[in-house]
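Atoms within a ligand are numbered from 1 in the order they appear, just like the ligands themselves.
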Amino acid sequence: MNILLTGGAGYIGSHTTVLLMQAGLHVCVLDNFCNSEQIVLERIARITGKPPSFVEADVCNTSVVADALKRYEVQAVIHFAGLKAVGGSVTQPINYYANNVQGTISLLQAMQSSGVKTLVFSSSATVYGNPQYLPIDESHPTSATNPYGRTKLHIEEMLTDVSRSDPAWRIACLRYFNPVGAHESGLIGENPRGVPNNLMPLVAQVASGLRPYVQVFGNDYSTSDGTGVRDYIHVMDLAEGHLAALQYLQKNVGWHGFNLGTGKGRSVLEMIRAFESASGQAVPFKVVPRRVGDVAACYAKANKACELLGWSAKRDLASMCESTWNFRINAKEQ
Ligand code: NAD
Ligand code: UFG
């Protein structure tokens, strides 16, 4: 099977590329490197033994995307390409709508004109807005609390309309909770530019001495230890979720939304302690005021993916921390 991965050089896309190639699928990556680097493709080749096919392009360029779909005889697309920083979306909403929403429209036009009607979309738990109950199942009401989240919600709604318009479409929206960890090789992982926004890359940088301490955003939430609780999921489990979704879409038409999470909530302090034991390094932290827009707790009910996709997260917290640390050490040495 031939698959196009938009944003396949990014964090989640690169791990999925490896997994799909090792499962025997032919992968074509389309990326403009706005948040990734060419070297990732070389590292994928080191892991899998050969590079994926590659098109350097912006997903907003409909004719180039259509050309790639035809040239590589693509049967399904996984759409990772998008901007993902919540803060950036607040200061630059136009960029976010142009890249995420317009990018998806462009991709859909290219797919329609090429007769490719199977799509897996990178959605997010952010589409649930402020949790009204926990754990969050797929029936939880959707809403957005920032422009980034609104792009995901608009795209999901657009995809629902598209699937209603033509029963040949097969679309899965995968709502990721908090992806962390890295490939066991230590060759690919999450490598954010500048100061990381997310907890785990920051914890890894503090453990390696790049930054002095982690700022813990609030310890007065109504959670077990007062710090924020999230559903951290290993990126390789997430990658496996994409393969399971592709297999599901072979047999099922229409629009389908799935949570990809572990179903377990972990606090910030739990994450810091787990990282300390995985790395053998101290991770100093200071409690600072809550971050604006954060919720106390957010974790998934992941039963639907288990029942319909036959998928569940298998890797534990220690594996998430060890692989993150392994990648961090490797990245420093290379
Ligand atoms: P990432 O930034 O590492 O990867 C995105 C990739 O897409 C990058 O390689 C980037 O260069 C590319 N890209 C962006 N815009 C493009 C465009 N217009 N044309 C071509 N390529 C483009 O991000 P990630 O963490 O791998 O996330 C992948 C997807 O998953 C995103 O859509 C993101 O919103 C979604 N998601 C991520 C998280 C998370 O915490 N990492 C959580 C939920 C959802
Ligand atoms: N946190 C800190 N210090 C930091 C960074 C984070 O204490 O320096 C805390 C946060 O307050 C939160 C937890 O660590 O309690 C996780 O924060 P992240 O920024 O890593 O992740 P979020 O849950 O806030 O957001 C992530 C993605 C969003 C996505 C959301 C749901 O960044 O894009 O998960 O999928 F929408």
Side-chain angles (χ1 to χ4, degrees), residues 5-16 29-37 40-41 55-61 64-65 78-89 95-96 98-100 102-104 106-107 121-129 136 144-146 148-149 151-152 155 174-180 188-193 195-203 205-206 211 213-219 221 223 227-233 235 238 259-261 265-269 271-272 285-288 290-300:
L5 268 62
T6 73
Y11 171 45
I12 304 168
S14 58
H15 291 78
T16 307
V29 167
L30 184 144
D31 205 299
N32 65 358
F33 296 129
C34 70
N35 197 35
S36 55
E37 289 171 305
V40 170
L41 300 174
V55 177
E56 183 168 351
D58 194 307
V59 76
C60 294
N61 191 335
V64 174
V65 179
I78 307 182
H79 183 33
F80 295 103
L83 302 177
K84 63 170 181 175
V86 171
S89 79
N95 280 356
Y96 273 69
N99 202 76
N100 295 5
Q102 184 55 42
T104 305
S106 165
L107 171 66
F121 172 61
S122 289
S123 190
S124 166
T126 192
V127 299
Y128 295 119
I136 297 178
T145 55
N146 55 65
Y148 165 71
T151 67
K152 293 291 178 193
I155 294 167
L174 303 183
R175 296 167 174 170
Y176 313 154
F177 280 67
N178 289 59
V180 296
I188 54 172
E190 187 171 17
N191 202 4
R193 296 175 178 169
V195 183
N197 297 310
N198 297 115
L199 179 67
M200 276 294 263
L202 206 93
V203 167
Q205 291 190 358
V206 171
R211 299 185 195 281
Y213 58 88
V214 177
Q215 292 189 318
V216 173
F217 296 141
N219 65 354
Y221 287 109
T223 59
T227 65
V229 165
R230 297 290 184 274
D231 188 338
Y232 298 93
I233 174 165
V235 66
L238 211 56
N259 286 344
L260 293 188
R266 317 266 189 191
S267 76
V268 174
L269 294 184
M271 295 305 286
I272 290 177
F285 66 87
K286 283 186 188 168
V287 177
V288 299
R290 293 178 178 192
R291 184 169 65 178
V292 175
D294 272 356
V295 297
C298 177
Y299 50 92

Peer 1: To which of G82, G13, S106 does the heavy atom nearest atom 5 (C) of ligand 1 belong?
Peer 2: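 Minimum heavy-atom distance to atom 5 (C) of ligand 1 goes to G82.
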
Peer 1: At less than 4.0 angstrom from any non-hydrogen atom of A9, what atoms of ligand 1 do you find?
Peer 2: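 With A9 as reference, the close atoms of ligand 1 come out as 9 (O).
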
Peer 1: From I78 CD1 over to I12 CD1, what is the distance, rounded to the nearest 0.5 angstrom?
Peer 2: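 Between I78 CD1 and I12 CD1, I get 11.5 Å after rounding to 0.5 Å.
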
Peer 1: Considering only non-hydrogen protein atoms, determine which one is nearest to atom 9 (C) of ligand 2 and report residue, atom name and distance to 0.1 Å.
Peer 2: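 Minimum-distance protein heavy atom for atom 9 (C) of ligand 2 reads V268 CG2, 3.6 Å.
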
Peer 1: Among all protein non-hydrogen atoms, which one is nearest to atom 7 (O) of ligand 1, and what is the separation to 0.1 Å?
Peer 2: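 The answer is G7 CA, 3.3 Å.
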
Peer 1: Walk me through whether S124 and Y148 qualify under side chain to side chain contact (heavy atoms under 4.5 Å, CB included).
Peer 2: CA-CA 10 Å; S124 166; Y148 165 71; 4.0 Å; yes

Peer 1: Given side chain to side chain contact (heavy atoms under 4.5 Å, CB included), test L107 with F121 step by step and report yes or no.
Peer 2: CA-CA 11 Å; L107 171 66; F121 172 61; over 6 Å; no

Peer 1: Of all the non-hydrogen atoms in the protein, which one sits nearest to atom 8 (C) of ligand 1, and at what distance?
Peer 2: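 It is D31 OD2, 3.6 Å.
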
Peer 1: As an exercise, state the distance from CZ of R193 to SG of C34, rounded to the nearest 0.5 Å.
Peer 2: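 With rounding to 0.5 Å, CZ (R193) is 7.5 Å from SG (C34).
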
Peer 1: Restricting to non-hydrogen atoms, name the atom on A9 and the atom on L41 that form the minimum distance, rounded to 0.1 Å.
Peer 2: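 Heavy-atom minimum between the residues: CB-CD2, 4.5 Å.
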
Peer 1: In terms of atom number and element, which parts of ligand 2 are under 4.0 angstrom from non-hydrogen atoms of L202?
Peer 2: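 Taking each heavy atom of L202 in turn, ligand 2 has 8 (O) under 4.0 Å.
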
Peer 1: Starting at CZ of F177, measure out to CG of L238 and round the result to the nearest 0.5 Å.
Peer 2: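 Going from the CZ atom of F177 to the CG atom of L238 covers 11.5 Å.
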
Peer 1: Who's the nearest protein heavy-atom neighbour of atom 27 (C) of ligand 2, and how far?
Peer 2: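 In this structure, atom 27 (C) of ligand 2 has N198 ND2, 3.8 Å as its nearest protein heavy atom.
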
Peer 1: Quick one: does N198's side chain get under 4.5 Å of E190's, heavy atoms only?
Peer 2: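 Yes. Closest side-chain heavy atoms under 4.5 Å.
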
Peer 1: Is N100 reaching over with its side chain to a backbone N or O of K152, donor-acceptor style, under 3.5 angstrom?
Peer 2: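 Such a contact is absent between N100 side chain and K152 backbone.
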
Peer 1: Tell me: protein heavy atom nearest atom 23 (O) of ligand 2, and distance?
Peer 2: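 Nearest protein contact, heavy atoms only, for atom 23 (O) of ligand 2 is R230 NE, 2.7 Å.
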
Peer 1: I'd like to know if the side chain of N259 and the backbone of I136 have a donor-acceptor N/O pair within less than 3.5 Å.
Peer 2: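 A pair under 3.5 Å: yes.
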
Peer 1: Taking only residues two or more places apart in sequence, or in another chain, which ones meet R291 in a salt bridge (charged side-chain N to carboxylate O under 4.0 Å, His left out)?
Peer 2: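 So R291 forms a salt bridge (charged side-chain N to carboxylate O under 4.0 Å, His left out) with D294.
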
Peer 1: Within less than 4.0 angstrom of ligand 1, does G103 place any heavy atom?
Peer 2: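 No heavy atom of G103 comes that close to ligand 1.
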
Peer 1: Which residue and atom name correspond to the protein heavy atom nearest atom 27 (O) of ligand 1, and how close is it?
Peer 2: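 Result for atom 27 (O) of ligand 1: I12 CD1, 3.8 Å.
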
Peer 1: What protein heavy atom lies closest to atom 17 (C) of ligand 1? Include the residue and the distance to one decimal.
Peer 2: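 Closest protein heavy atom to atom 17 (C) of ligand 1: N32 ND2, 3.4 Å.
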
Peer 1: Only heavy atoms of S36, strictly under 4.0 Å: list the atoms of ligand 1 that pass.
Peer 2: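 Heavy-atom distances to S36 below 4.0 Å select 8 (C), 9 (O), 11 (O).
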
Peer 1: At a 4.0 Å threshold, what atoms of ligand 2 neighbour a non-hydrogen atom of Y176?
Peer 2: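 Those atoms are 35 (O).
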
Peer 1: List ligand 2 atoms under 4.0 Å from N197, heavy atoms only on the residue side.
Peer 2: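 Those atoms are 5 (C), 19 (O).
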
Peer 1: Looking only at protein heavy atoms, which one is nearest to atom 2 (O) of ligand 1, and what is the separation?
Peer 2: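 Here the nearest protein heavy atom works out to N35 ND2, 2.6 Å.
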
Peer 1: Does ligand 1 come near enough to L83 that some N or O of the ligand is less than 3.5 Å from an N or O of the residue?
Peer 2: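 The answer is no, given that L83 and ligand 1 share no N or O pair closer than 3.5 Å.
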
Peer 1: Does H79 reach ligand 1 with a nitrogen or oxygen that is under 3.5 Å from one of the ligand's nitrogen or oxygen atoms?
Peer 2: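 It does not: no N or O of H79 is found under 3.5 Å from an N or O of ligand 1.
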
Peer 1: Please enumerate all residues that pass side chain to side chain donor-acceptor pair (under 3.5 Å) together with S106, with sequence neighbours excluded.
Peer 2: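 Only T62 meet the side chain to side chain donor-acceptor pair (under 3.5 Å) criterion with S106.
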
Peer 1: Any idea which of S122, S89, P179 brings a heavy atom closest to atom 40 (O) of ligand 1?
Peer 2: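 Answer by nearest heavy atom: P179.
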
Peer 1: Who's closest to atom 26 (C) of ligand 2 heavy-atom-wise, of N178, T126, N146?
Peer 2: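 Of the listed residues, N178 has the closest heavy atom.
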
Peer 1: Considering Y176, F80, Y232 one by one, which has a heavy atom nearer to atom 30 (O) of ligand 1 than any of the others?
Peer 2: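 Minimum heavy-atom distance to atom 30 (O) of ligand 1 goes to Y176.
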
Peer 1: Could you tell me, atom by atom, which parts of ligand 1 come under 4.0 Å of a heavy atom of A57?
Peer 2: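 Taking each heavy atom of A57 in turn, ligand 1 has 19 (N), 20 (C) under 4.0 Å.
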
Peer 1: When rounded to the nearest 0.5 angstrom, what distance separates CG in N191 from OH in Y11?
Peer 2: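 N191 atom CG to Y11 atom OH measures 11.0 Å (nearest 0.5 Å).
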
Peer 1: Test V229 against every option in V268, T223, V295 by the side-chain contact (heavy atoms from CB on, under 4.5 Å) rule and name the one that passes.
Peer 2: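 Running side-chain contact (heavy atoms from CB on, under 4.5 Å) over V268, T223, V295 with V229 returns exactly one hit, T223.
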
Peer 1: Please report the interatomic distance CZ(F285) to CG(L202), rounded to the nearest 0.5 Å.
Peer 2: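 Between F285 CZ and L202 CG, I get 13.5 Å after rounding to 0.5 Å.
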
Peer 1: In terms of side-chain heavy atoms, does N146 have a donor or acceptor partner in Y96 at a distance below 3.5 Å?
Peer 2: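 The answer is no; no qualifying pair exists.
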
Peer 1: State, yes or no, whether a side-chain contact exists between I272 and V216 at a heavy-atom distance under 4.5 Å.
Peer 2: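 Yes, their side chains come closer than 4.5 Å.
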
Peer 1: Which atoms from ligand 1 have a heavy atom of F33 less than 4.0 Å away?
Peer 2: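 By the 4.0 Å cutoff, the relevant atoms are 11 (O).
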
Peer 1: Report the part of Q215 in contact with ligand 2, treating N, CA, C, O as backbone and CB onward as side chain, heavy atoms under 4.0 Å; options are side chain, backbone, both, neither.
Peer 2: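 Backbone only.
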
Peer 1: I need the nearest protein heavy-atom contact for atom 15 (N) of ligand 1: residue, atom name and distance, please.
Peer 2: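 Of every protein heavy atom, N99 ND2, 3.0 Å lies nearest to atom 15 (N) of ligand 1.
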
Peer 1: Quick check: does V86 get an N/O under 3.5 Å from an N/O on ligand 2?
Peer 2: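 For ligand 2, there is no N or O atom that lies under 3.5 Å from one belonging to V86.
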
Peer 1: Quick one: CG on L199 to CZ on F217, what's the gap to the nearest 0.5 Å?
Peer 2: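 It is 9.0 Å, given to the nearest 0.5 Å.
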
Peer 1: Near C34, which atoms of ligand 1 are under 4.0 Å from a heavy atom of that residue?
Peer 2: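 Result: 10 (C), 11 (O), 13 (N), 14 (C), 15 (N).
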
Peer 1: Go through ligand 2 atom by atom and flag the ones less than 4.0 Å from a non-hydrogen atom of F177.
Peer 2: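 With F177 as reference, the close atoms of ligand 2 come out as 35 (O).
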
Peer 1: Nearest non-hydrogen atom to atom 16 (C) of ligand 2 belongs to which of Y148, F285, Y232, Y213?
Peer 2: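 Checking each option, the heavy atom nearest atom 16 (C) of ligand 2 is found in Y232.
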
Peer 1: Just which atoms of ligand 2 are under 4.0 Å from any heavy atom in S124?
Peer 2: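 The list of qualifying atoms is 29 (C), 31 (C), 35 (O), 36 (F).
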
Peer 1: Any atoms of ligand 1 less than 4.0 Å from a non-hydrogen atom of Y11? List them with their elements.
Peer 2: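 The list of qualifying atoms is 1 (P), 3 (O), 4 (O), 25 (O), 26 (O).
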
Peer 1: Return the residue, atom name and 0.1 Å-rounded distance of the protein heavy atom closest to atom 7 (O) of ligand 2.
Peer 2: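 The closest one turns out to be F217 N, 2.9 Å.
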
Peer 1: Can you list the ligand 2 atoms lying under 4.0 Å from a non-hydrogen atom of G228?
Peer 2: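 Every atom of ligand 2 under 4.0 Å from some heavy atom of G228: 15 (O).
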
Peer 1: So which protein heavy atom does atom 4 (O) of ligand 1 come closest to, and at what separation?
Peer 2: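 The closest heavy atom on the protein side is G10 CA, 3.4 Å.
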
Peer 1: Heavy atoms only: which of E37, K84, E56 lies closest to atom 24 (P) of ligand 1?
Peer 2: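 Considering heavy atoms of E37, K84, E56, the nearest to atom 24 (P) of ligand 1 sits in K84.
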
Peer 1: Need the ligand 2 atom indices (1-based, order shown) with element for anything under 4.0 Å from a heavy-atom of V216.
Peer 2: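 Near V216, meaning under 4.0 Å from one of its heavy atoms, ligand 2 has 7 (O).
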
Peer 1: Would you say ligand 1 has an N or O under 3.5 Å from any N or O of N198?
Peer 2: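 No; the residue has no nitrogen or oxygen that sits under 3.5 Å from a nitrogen or oxygen of the ligand.
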
Peer 1: Enumerate the atoms of ligand 2 whose separation from the nearest heavy atom of A125 is less than 4.0 angstrom.
Peer 2: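 Result: 31 (C), 35 (O).
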
Peer 1: Assess K152 for proximity to ligand 1: is some non-hydrogen atom of it under 4.0 Å away?
Peer 2: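 The answer is yes: ligand 1 sits under 4.0 Å from a heavy atom of K152.
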
Peer 1: Which atoms of ligand 1 have any heavy atom of S123 under 4.0 Å away?
Peer 2: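 Answer, ordered by atom number: 43 (C), 44 (C).
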
Peer 1: Can you pull out the closest protein heavy atom to atom 34 (O) of ligand 1? Residue, atom name and distance to 0.1 Å, please.
Peer 2: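 Result: Y148 OH, 2.7 Å.
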
